[in-house]
There are 2 protein chains.
Amino acid sequence: MNTQSIRLTVDAAVFGYEEGHISALLIRRKYEPFKGQWALPGGFVLNDESLEDAVERELHEETGIKINYLEQLYSYGNLNRDPRGRVVSIAYFGLVRPDTFKLIASTDAQEVAWFGIHALPSLAFDHKEILTMAIDRLKAKITYQPIGFELLDKKFPFSDLEKLYSTVLGRDIDRRNFRKKFLGLKVLDELDEKISKGSGRPANLFQFNQKRYFQLIKEGIVFEI
Amino acid sequence: MNTQSIRLTVDAAVFGYEEGHISALLIRRKYEPFKGQWALPGGFVLNDESLEDAVERELHEETGIKINYLEQLYSYGNLNRDPRGRVVSIAYFGLVRPDTFKLIASTDAQEVAWFGIHALPSLAFDHKEILTMAIDRLKAKITYQPIGFELLDKKFPFSDLEKLYSTVLGRDIDRRNFRKKFLGLKVLDELDEKISKGSGRPANLFQFNQKRYFQLIKEGIVFEI
DNA sequence: TTCATTATGTGTATTATTTACACAAAAATA
DNA sequence: TATTTTTGTGTAAATAATACACATAATGAA
């Protein structure tokens, strides 16, 4: 019965946000197959590590990043998705603040870089499909879970939050209504700090209050933008 | 590099609906480990079959069922989830009309049965966790995708639909508002047929119009109950 | 046959939510 | 000090969600 010879990998679709652009973290493969092509960070799962550990390890090895938001995305098992044979991949979805890490290509990666999601290179394996699914997940999830804060500084002006949402959702947002709605969720603390970038009126800084968010969830209140 | 010895299984959390009750399809294991215990149908993926094929094959082998709604649920990779060693399982979520199949236990199953989701036996492996996640998926998904029709007869009185929703969601539903809302979605065809079960006014039969549903989705109209 | 019972089918008024929309305030810059 | 830029704020109108009751068409019992 035990002639199974399927190998298992993990791949990570990691997104970052900066100045009105969502980027995906990609590596250029050092080895065959698809040597020299861009791909998602990832690799074979070791026998004695959990799937999450595997993703985090591969991400750190290949890109230098340590991620703090990671969730499972989907598993890909098409028969011919990998020229080396039968390889099933469990893909993860991650978020990170790009400015908090210096990218360092190593092990299987000969290069690492952020690519705007509207300017992606062609990708190895079925990674295009994975990335597309991850982008859909980001768009959908940001409306019903407070994952956007993983992409912003800890303290941020309200306009950053608004710009993030309009970037991810790909449409304009009514500034007044958005603010009203978000503040109505009661998960933001307004700080006694102001920030002034260039011209214009200085903005108040806000901070996501996770404790309060969990409390509201427990009370059955739903987060929805 | 290739000392990987992880094996891959698929498991299926399949639900059926009858007379105000949601049931899950379980098998009693014929072999070790967990011999004699109830578990989700499933088993090892063969080298030359896709993940979906594997689930459908295992389901048919062990229970006699051929499923028509199946989607991936989640992948489970905890180090100690299987006493045989490192086994990662990709779980699927399925829906079926219980009355359209006769259950036939075979291969790894010594018995097959439907269990009401509020009267589940203890389960092998981490199948309790998988089933819990699947129930959550069912509850969530029925509100934003028309999967409920997979559980009803092709032609059904409106009261069946209403009862299904109140069963799955676990709360009362206002009959008039529910009907108004659902008919407003324009995905039901009202037939020129009536059905009379026992006493009471005979009900008109309805039918889900999938073509129309896809058309509305394409137009960007959202299904939401 | 008629009276009681059971389930279906329907509309409106009230409340809550969403949307559309414009100008003053605080700073930088010319 | 006048202009430009960005932040901060309220209200009215439209839409959606909720609460709620009685007539209709059948069965079954008296």
Side-chain angles (χ1 to χ4, degrees), chain A residues 18-20 142-144 148 152-153 155-167 169-208 216 219-225, chain B residues 18-20 142-144 148 152-153 155-167 169-208 216 219-225:
Chain A
E18 267 174 329
E19 297 154 28
I142 205 172
T143 68
Y144 65 86
L152 298 178
D153 293 335
K155 301 173 180 185
F156 53 86
F158 208 90
S159 55
D160 276 12
L161 189 63
E162 184 208 321
K163 199 170 196 176
L164 170 65
Y165 271 78
S166 75
T167 300
L169 300 177
R171 57 178 163 82
D172 280 359
I173 283 179
D174 183 288
R175 202 152 51 90
R176 275 178 290 189
N177 293 338
F178 180 76
R179 189 182 180 111
K180 201 192 314 176
K181 199 165 182 182
F182 224 117
L183 293 181
L185 296 173
K186 302 287 184 194
V187 297
L188 294 184
D189 292 337
E190 185 161 8
L191 306 176
D192 272 340
E193 278 180 77
K194 288 193 189 304
I195 193 177
S196 181
K197 9 183 189 181
S199 74
R201 179 175 173 170
N204 236 308
L205 289 177
F206 288 81
Q207 192 169 349
F208 175 55
L216 291 172
E219 295 168 19
I221 288 152
V222 295
F223 178 94
E224 198 171 351
I225 289 294
Chain B
E18 265 175 329
E19 298 154 28
I142 205 173
T143 68
Y144 64 87
L152 298 177
D153 293 335
K155 301 173 179 185
F156 54 86
F158 208 90
S159 54
D160 277 11
L161 190 63
E162 185 208 320
K163 199 171 197 176
L164 169 66
Y165 271 77
S166 74
T167 300
L169 300 178
R171 57 177 164 81
D172 282 359
I173 282 179
D174 182 288
R175 200 153 53 90
R176 275 179 289 188
N177 293 338
F178 181 76
R179 190 182 178 110
K180 201 192 312 177
K181 199 165 181 180
F182 224 118
L183 293 181
L185 295 173
K186 303 286 185 195
V187 296
L188 294 184
D189 291 339
E190 186 162 7
L191 306 177
D192 272 340
E193 277 180 78
K194 288 193 191 303
I195 192 175
S196 181
K197 9 182 190 184
S199 74
R201 177 174 175 172
N204 237 309
L205 289 177
F206 289 81
Q207 193 169 350
F208 175 55
L216 291 173
E219 294 169 19
I221 287 151
V222 294
F223 178 94
E224 198 172 352
I225 288 295

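The chains referred to below are lettered A, B, ... by the order of the sequence lines, with proteins before strands, and numbering in each begins at 1.
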I need the [atom1]-[atom2] distance between [X] and [N], as an integer number of Å.
X: B/Arg201; N: C/dA7; atom1: CZ; atom2: P; value: 14 Å
X: B/Phe178; N: C/dG9; atom1: CZ; atom2: P; value: 13 Å
X: B/Arg175; N: C/dG9; atom1: CZ; atom2: C1'; value: 7 Å
X: A/Ile195; N: C/dA26; atom1: CD1; atom2: P; value: 19 Å
X: A/Asp174; N: C/dA22; atom1: CG; atom2: P; value: 11 Å
X: A/Leu185; N: C/dT17; atom1: CG; atom2: C1'; value: 13 Å
X: A/Asp172; N: C/dT19; atom1: CG; atom2: P; value: 14 Å
X: B/Phe182; N: C/dG9; atom1: CZ; atom2: P; value: 15 Å

Choosing from [options], which nucleotide comes nearest the side chain of [X]?
X: A/Pro202; options: C/dA27, C/dG9, C/dC21; answer: C/dA27
X: B/Ala203; options: C/dG11, C/dT18, C/dT8; answer: C/dT8
X: B/Lys180; options: C/dA26, C/dT12, C/dT8; answer: C/dT12
X: A/Ser199; options: C/dC21, C/dA25, C/dA28; answer: C/dA28

Residue whose nearest DNA chain C nucleotide is more 5′ - A/Asn177 or B/Asn177: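 Going by which nucleotide is closer to the 5' end, it is B/Asn177.
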Residue whose nearest DNA chain C nucleotide is more 5′ - A/Lys181 or A/Gly198: A/Lys181
Taking all atoms of both residues into account, what is the closest heavy-atom pair of [X] and [Y], and its distance?
X: A/Gly20; Y: A/Lys163; result: CA-CE, 4.5 Å
X: A/Pro157; Y: A/Ile195; result: CB-CG2, 4.1 Å
X: A/Phe156; Y: A/Gln207; result: CE2-CA, 4.2 Å
X: B/Val222; Y: B/Leu185; result: O-CD2, 4.2 Å
X: A/Lys181; Y: A/Ile225; result: NZ-C, 3.7 Å

5' to 3' contact window, DNA chain D with chain A (heavy-atom distance under 4.0 Å): D/dT5 to D/dT11
Parallel, tilted or perpendicular: ring planes of B/Phe158 versus B/Phe182, cut at 30 and 60 degrees: perpendicular
Polar pair under 3.5 Å, donor/acceptor by atom type, side chain A/Arg176, base C/dA22: yes
Exceeds 12 heavy-atom contacts within 6.0 angstrom, atom CD of B/Glu219: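 Yes, because the 6.0 Å sphere around CD of B/Glu219 holds more than 12 heavy atoms from other groups.
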